[in-house]
Each structure stands twice: as structure tokens, then as C-alpha cells.
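Written out below as C-alpha cells is the structure these notes cover.
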Number of protein chains: 2
Amino acid sequence: MPKRVVAESERRRRRPTKQGAVLSERHIVLTALRMLREHGSQGLTVRRLGLALGADPSTLYRYFRGMDDLVLAVGDELIGRAFDGWTATGDWQTDLRALGLRIHRSYLAHPQAAVLTASRVSGRPHEIAADEAVLDVLHRAGFPVADAVRIYHCFIDQALAFAALDAASLALPAAAREADEAVWQATYARLPESTHPRIAAAAGHLVAEMNVSAYPAALDMLIDSAAARLGGGEPPPGRAA
Amino acid sequence: MPKRVVAESERRRRRPTKQGAVLSERHIVLTALRMLREHGSQGLTVRRLGLALGADPSTLYRYFRGMDDLVLAVGDELIGRAFDGWTATGDWQTDLRALGLRIHRSYLAHPQAAVLTASRVSGRPHEIAADEAVLDVLHRAGFPVADAVRIYHCFIDQALAFAALDAASLALPAAAREADEAVWQATYARLPESTHPRIAAAAGHLVAEMNVSAYPAALDMLIDSAAARLGGGEPPPGRAA
DNA sequence: GACCTTATGCCAACGCCATTGACCAGGACA
DNA sequence: TGTCCTGGTCAATGGCGTTGGCATAAGGTC
């Protein structure tokens with residue numbers, strides 16, 4: 001039993017598996033991502049992963065403390081991908097918007113993985129780099145540090161929170177997802193005006209609106225509000241109760 | 001095997017269980033809620049639920065199609081509670097803020113349940129009532145229907161998304177949660193200024209800020225932005241890519 | 001190239017889990 | 001009182017994560 005997992009950087013002996021595969025943290029993470037895509041967010045199991053890797057399931061525990069540890073590593077991979085090839089333009093609103101959309105898009109590219117990881121904090125390298133980048137954009141925009149931290153907090157949580165939410169519906173198996181959309185059409189569009197006047201009045205708009213993500217609009221509202229505060233010299237909203 | 005679950009309203013024979021308990025949908029939902037609190041978000045299992053109810057585990061399938069169906073019912077219970085005792089004041093900003101905070105608070109009162117339910121759409125009665133209430137507030141505020149729908153979408157998704165995100169950290173078992181916070185202190189506060197200047201400069205603020213929810217501030221920013229649009233006559237932000 | 005250490009892969013087993021089909025007790029209603 | 005069928009129980013199936021013990025070959029040293 002693996003009392004302690006060996007850190008990837010200190011790994012020396014890369015013994016091939018019975019079926020000839022050579023394992024590594026990254027190889028396992030990428031395989032996990034593929035399995036999540038193919039089998040859904042419930043479909044990542046140690047046994048299946050072992051099968052896909054050509055290794056005994058228990059071998060995983062030489063690389064990760066358990067399933068949960070692996071999931072965090074998968075999440076960090078997604079954050080890392082969001083920043084691939086990004087460079088700051090110098091205009092903070094443009095940069096913030098681009099970063100938000102990149103994070104959101106990166107998670108939604110792997111909805112089944114995003115469901116498991118988007119609400120987790122790992123403290124892994126890519127995550128830290130992302131935080132530094134956002135704080136840097138706000139600093140250059142001229143926000144005092146206290147305001148920058150508050151806006152940063154709203155920004156990063158909003159991005160992750162919407163990623164998790166939007167991923168959840170994308171990650172549903174096709175059948176369930178169509179059922180969900182059918183619920184919107186069938187349930188909401190059919191509510192009588194007498195009991196649900198606002199829904200009835202908005203039914204057409206709702207069906208169209210609810211099939212796309214609200215994140216871009218919500219992000220723009222956040223940036224708008226921050227910009228107004230920066231211009232007017234007021235502090236950003238504090239936190240209520 | 002229960003090919004079809006009998007609707008609660010059509011249930012007639014309430015046969016007591018071997019151990020004398022009388023079951024109902026709501027009783028099961030409330031028990032599930034209690035078990036989630038006591039055993040964590042992974043701790044809701046059919047077997048344990050049966051034990052807690054004083055019934056055979058398989059009995060659950062007479063009331064819900066499966067675990068997933070039960071989870072949706074638990075979620076609707078939480079939405080319902082958010083609206084308990086709420087009445088509109090007529091001031092749309094006040095009302096919207098109150099509703100957002102109520103939803104957020106209701107989910108966070110049961111973090112382990114919120115993790116499972118906050119990103120799910122059920123189409124159940126309480127959920128529909130909530131949608132009607134929000135649309136009604138926006139309508140009375142004077143937003144044209146298209147704008148109202150877009151703001152409603154941002155509002156409801158942001159509330160649920162933050163609820164899910166914040167619940168996730170609250171729902172961690174005490175040990176893991178302290179480890180998470182320790183990561184913040186240890187990892188972030190210790191990053192050298194040379195490689196992570198912005199994090200280093202903001203370290204003190206970060207440690208304080210990251211332990212509370214960003215939702216109230218994010219909500220205020222959303223309302224601010226909507227108010228500016230209403231005043232200025234501009235439409236709210238559309239959706240980008 | 002031989003030897004030693006030990007990292008790393010494999011095996012078997014444990015105790016969970018959700019779900020199902022067959023069965024039957026007993027409440028509802030005629 | 002007799003019939004029907006809801007809503008309980010029981011037993012079984014095939015999965016799951018995780019662990020302890022073991023075997024073996026990789027890498028370092030001489």
C-alpha cells in the first residue's frame with residue numbers, strides 16, 4: 001500500500017506496465033480527461049482508468065493519494081489551458097474580459113471534467129499563475145490594492161461559478177439534456193397567464209435566452225460596474241451581511 | 001421492481017414500515033437533508049437513507065425514480081425555503097438584492113445538499129415560483145421584457161452558481177476545509193515577490209478576503225449595472241461570443 | 001557486469017454502493 | 001367478506017474505491 005505518493009519531479013524508475021505503457025502524472029491526467037469526455041462525469045472510475053492506461057487499477061495510488069487528488073490535478077490542467085497563448089493587451093477591460101471568457105471556455109471544452117473541478121481550490125501551479133495574472137491586470141488598471149482584491153475575488157469566483165453551472169447542463173447525458181430543454185419548452189411555455197403572468201409574457205424570450213450562457217453578459221456587468229467605480233473614484237461594493 | 005413511481009397526490013395506502021414508520025415524499029426529502037448534513041455530500045446513500053427511515057432501502061424506489069430524482073426534490077425544497085415569508089417592498093433594487101441573498105443563504109444553510117442541487121434545473125413548483133417572482137420584480141421596475149429576461153438570466157444563474165461554489169467549500173469535511181485555508185495562508189502568503197509580485201503585495205488582503213463569499217459584492221455589481229442601464233436608457237450588455 | 005535497494009507495478013480481497021425482480025402483507029373499496 | 005393492487009420486504013447482481021502483501025526490474029555503486 002502506498003503510504004506516500006512520490007512527487008512527480010522525484011520519480012526515477014519508470015517501469016513499464018505489463019501491457020507496455022509508461023505512466024506519468026500527466027499521462028494519467030490526460031487519460032482521465034478523455035475518459036470523462038467518453039463516459040460522463042460519473043464515468044471516471046479507478047478500474048476503468050486502469051483499463052484505459054493498460055495498468056492495474058491500484059497503480060493509480062502510486063501517483064495520486066486517491067480519486068480526489070486526481071480530480072484536482074485535472075482541474076489544474078484546465079486552468080492551465082485557459083492561459084495558453086494569452087498575452088495582455090494593456091487595456092484592463094479587454095484583458096479582464098478575455099481572461100474571463102478564456103477560463104469559461106476552457107472549462108466548457110470539458111464539461112464533464114468541469115463539473116467535478118470548477119468549484120475546487122487546489123493551490124496547484126496553474127491556479128496560482130492565473131491569480132497572479134488577474135491581480136496584475138487590476139493593478140495596472142490603477143485599482144488600489146484593497147479594491148483590486150475585492151474585484152479579483154468577484155471576478156474569479158464568478159468565472160468559476162458560471163463555468164461549473166454551465167458545465168453541469170452540458171455534461172448531462174444527451175437524453176437527460178434534451179429532457180431538460182423539453183421541460184423549459186413544455187413547462188414554462190405552457191403556464192397559464194392567470195397564475196404566472198410574467199413567465200407567460202416572457203415565454204418566447206425565455207426559451208431563446210435560457211439555452212445560452214448568461215456568463216458573458218454577467219461578466220460585462222461586473223466590468224461595467226468596476227469601471228464606473230474607477231472613473232468616479234468610489235470604492236467597489238463592499239460585502240453586505 | 002417499480003416500473004412507475006406513484007405521484008404523491010395519488011398515494012392512498014400508507015402502509016407503515018416494518019419498524020413502524022410511515023413514509024411520504026416530504027418525509028424522505030427531509031430525512032435526506034438531515035443525512036446530508038450529518039454525513040456530507042457523499043454520505044447520502046440509499047442504504048443509509050433506508051436505515052434512517054426505518055425502511056428497506058429498496059422502498060425508496062416506490063417514491064423516486066432513483067437517487068437523482070430524490071436529489072432534485074431536495075433542491076426544490078431549498079428553493080422553496082428561500083422564499084418563505086418574503087414579500088416585495090416595491091423597490092426593485094431592494095427586492096432583487098433581498099431575493100439574491102435569500103437564495104444564496106438558503107442553499108448555504110445546507111451546503112452538502114447545495115453542492116448536489118444548486119446546478120440542477122428541476123422544473124418543480126418552487127423553482128417555477130421563484131422565476132415568476134424575479135421576473136415580476138424586473139417587470140415592475142420598468143424593464144422591457146427582453147431586457148428583463150436577460151437580467152433575470154444573469155441574476156438567477158449568478159445566485160445559483162455562487163451558491164454552488166460557496167457551498168462546495170463549506171461542504172468539505174472540517175479537516176479538508178482547514179487544509180484548504182491553510183493552503184491559502186501557507187502557499188499564497190509565502191510566494192516570493194520576485195516571481196509573484198501582485199500576490200505578494202496583496203497577500204494580507206487576500207487571506208482576509210478569500211474567507212468570505214464574493215456573492216454579495218458580485219450581486220451589487222450586477223444590480224448597479226442594471227440600474228445604470230435603466231437610468232440611461234441603454235440596453236443591458238448582450239452576450240458576446 | 002554484479003549487487004543491492006527500493007520504486008513501482010500486480011494481485012486478491014474487503015466492505016461498500018445503486019438498482020432490480022420476485023414475492024407477499026394488508027389497506028381500500030365493492 | 002372478498003378482491004385488487006399499493007407499497008412494503010428479501011435476495012441477488014455487478015459495480016465501486018481502497019488496501020496490504022508481494023514480486024520484479026530500474027538505477028546507483030563499485
Side-chain angles (χ1 to χ4, degrees), chain A residues 1-28 31-32 35-36 39-72 74 116 173 176, chain B residues 1-28 31-32 35-36 39-72 74 116 173 176:
Chain A
M1 161 235 184
K3 287 205 170 197
R4 189 120 189 206
V5 173
V6 177
E8 184 70 4
S9 53
E10 296 164 12
R11 232 167 246 288
R12 306 187 164 283
R13 309 187 184 169
R14 318 217 81 118
R15 168 133 79 118
T17 197
K18 213 172 202 177
Q19 301 171 41
V22 175
L23 303 181
S24 70
E25 261 191 26
R26 189 166 164 87
H27 181 211
I28 295 177
T31 306
M35 299 202 36
L36 282 166
H39 297 97
S41 46
Q42 304 293 335
L44 178 63
T45 75
V46 177
R47 300 173 119 87
R48 250 208 286 247
L49 189 55
L51 202 66
L53 287 167
D56 187 89
S58 65
T59 309
L60 175 75
Y61 295 86
R62 301 281 183 202
Y63 290 83
F64 299 94
R65 279 199 303 278
M67 208 55 174
D68 196 67
D69 201 23
L70 169 60
V71 163
L72 290 181
V74 169
L116 300 182
Chain B
M1 161 236 185
K3 286 205 172 198
R4 189 116 190 210
V5 173
V6 177
E8 185 71 3
S9 54
E10 296 164 11
R11 235 167 246 287
R12 308 187 165 282
R13 308 186 185 167
R14 317 216 85 117
R15 169 136 77 116
T17 196
K18 214 172 203 180
Q19 301 171 40
V22 176
L23 303 181
S24 69
E25 260 189 30
R26 188 166 164 89
H27 181 212
I28 295 176
T31 306
M35 298 201 36
L36 282 166
H39 298 98
S41 45
Q42 304 294 334
L44 178 63
T45 74
V46 176
R47 303 173 115 85
R48 255 212 280 253
L49 190 54
L51 202 66
L53 286 168
D56 188 89
S58 63
T59 310
L60 176 75
Y61 295 87
R62 301 281 182 204
Y63 289 83
F64 298 95
R65 279 197 304 275
M67 209 54 175
D68 196 69
D69 201 24
L70 169 60
V71 163
L72 291 181
V74 169
L116 301 181

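In what follows, chains carry the letters A, B, and so on, assigned in the order in which the sequence lines appear, proteins first and then strands, with residues in each chain numbered from 1. Heavy atoms only: backbone and side chains are in, while hydrogens, waters and symmetry mates are out.
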query = In Å, rounded to the nearest 0.5 Å, how long is the span from CE of B:M35 to CZ of B:R48?
reply = 5.5 Å
query = Expressed in angstrom and rounded to an integer, what is the separation of A:R62 atom CZ from D:dC22 atom C1'?
reply = 10 Å
task = Let me know the distance between CG of B:L70 and P of C:dC17, rounded to the nearest Å.
result = 15 Å
task = Applying side-chain contact (heavy atoms from CB on, under 4.5 Å), name anything that partners B:H27, two or more places apart in sequence or on another chain.
result = B:L23, B:S24, B:T31, B:L53
remark   = Rounded to whole Å, NE2 of A:H27 lies from P of C:dT8 at a distance of 16 Å
ask   = Roughly how bent is the helix from C:dG1-D:dC30 to C:dA30-D:dT1 end to end, in steps of 10 degrees, with each end axis from five pairs?
value = 20°
request  = Apply side-chain contact (heavy atoms from CB on, under 4.5 Å) to A:V46 and list each qualifying residue two or more places apart in sequence or on a separate chain.
outcome  = A:P57, A:L60, A:Y61, A:M67
task = With side chain to side chain contact (heavy atoms under 4.5 Å, CB included) as the test, would you mind laying out the steps for A:V74 and A:L44 before giving the verdict?
result = CA-CA 12 Å; A:V74 169; A:L44 178 63; 5.5 Å; no
query = How far does CZ of A:R47 sit from OG of A:S58, to the nearest 0.5 angstrom?
reply = 10.0 Å
query = For the pair made of CD in A:E25 and C1' in C:dT8, what is the distance, rounded to whole Å?
reply = 14 Å
Pairs under 3.5 Å (N/O, protein and nucleotides 10-17 of chain D):
{"from": "D:dC10", "atom 1": "OP1", "to": "B:K18", "atom 2": "NZ", "distance (Å)": "2.4"}
{"from": "D:dC10", "atom 1": "N4", "to": "B:S58", "atom 2": "OG", "distance (Å)": "2.8"}
{"from": "D:dC16", "atom 1": "OP1", "to": "A:T45", "atom 2": "OG1", "distance (Å)": "3.3"}
{"from": "D:dG17", "atom 1": "OP1", "to": "A:V46", "atom 2": "N", "distance (Å)": "3.0"}
{"from": "D:dG17", "atom 1": "OP2", "to": "A:V46", "atom 2": "N", "distance (Å)": "2.8"}
{"from": "D:dG17", "atom 1": "OP2", "to": "A:R47", "atom 2": "N", "distance (Å)": "3.4"}
{"from": "D:dG17", "atom 1": "N7", "to": "A:R47", "atom 2": "NH1", "distance (Å)": "2.4"}
{"from": "D:dG17", "atom 1": "O6", "to": "A:R47", "atom 2": "NH1", "distance (Å)": "3.1"}

ask   = Once you round it to whole Å, what is the distance between P of C:dT8 and OH of A:Y63?
value = 6 Å
inquiry  = Rounded to whole Å, please give me the gap between CG in A:L23 and P in D:dA26.
reply    = 14 Å
message = Show the nearest heavy-atom pair for residues B:L116 and B:V71, with the distance to one decimal.
response = O-CG1, 3.8 Å
remark   = Atom CD of B:Q42 and atom P of C:dC17 are separated, to the nearest Å, by 12 Å
remark   = With sequence neighbours left out, the residues meeting salt bridge (Lys or Arg N to Asp or Glu O under 4.0 Å) with A:R26 are A:E77
key: Taking every non-hydrogen atom, the tightest pair across A:E25 and A:F64   = CG-CZ, 3.8 Å
B:D68 CG to C:dC17 C1', straight-line distance once rounded to whole Å = 16 Å
key: Partners passing side-chain hydrogen bond (donor to acceptor under 3.5 Å, both in side chains) against B:D69 (at least two apart in sequence or in another chain)   = none
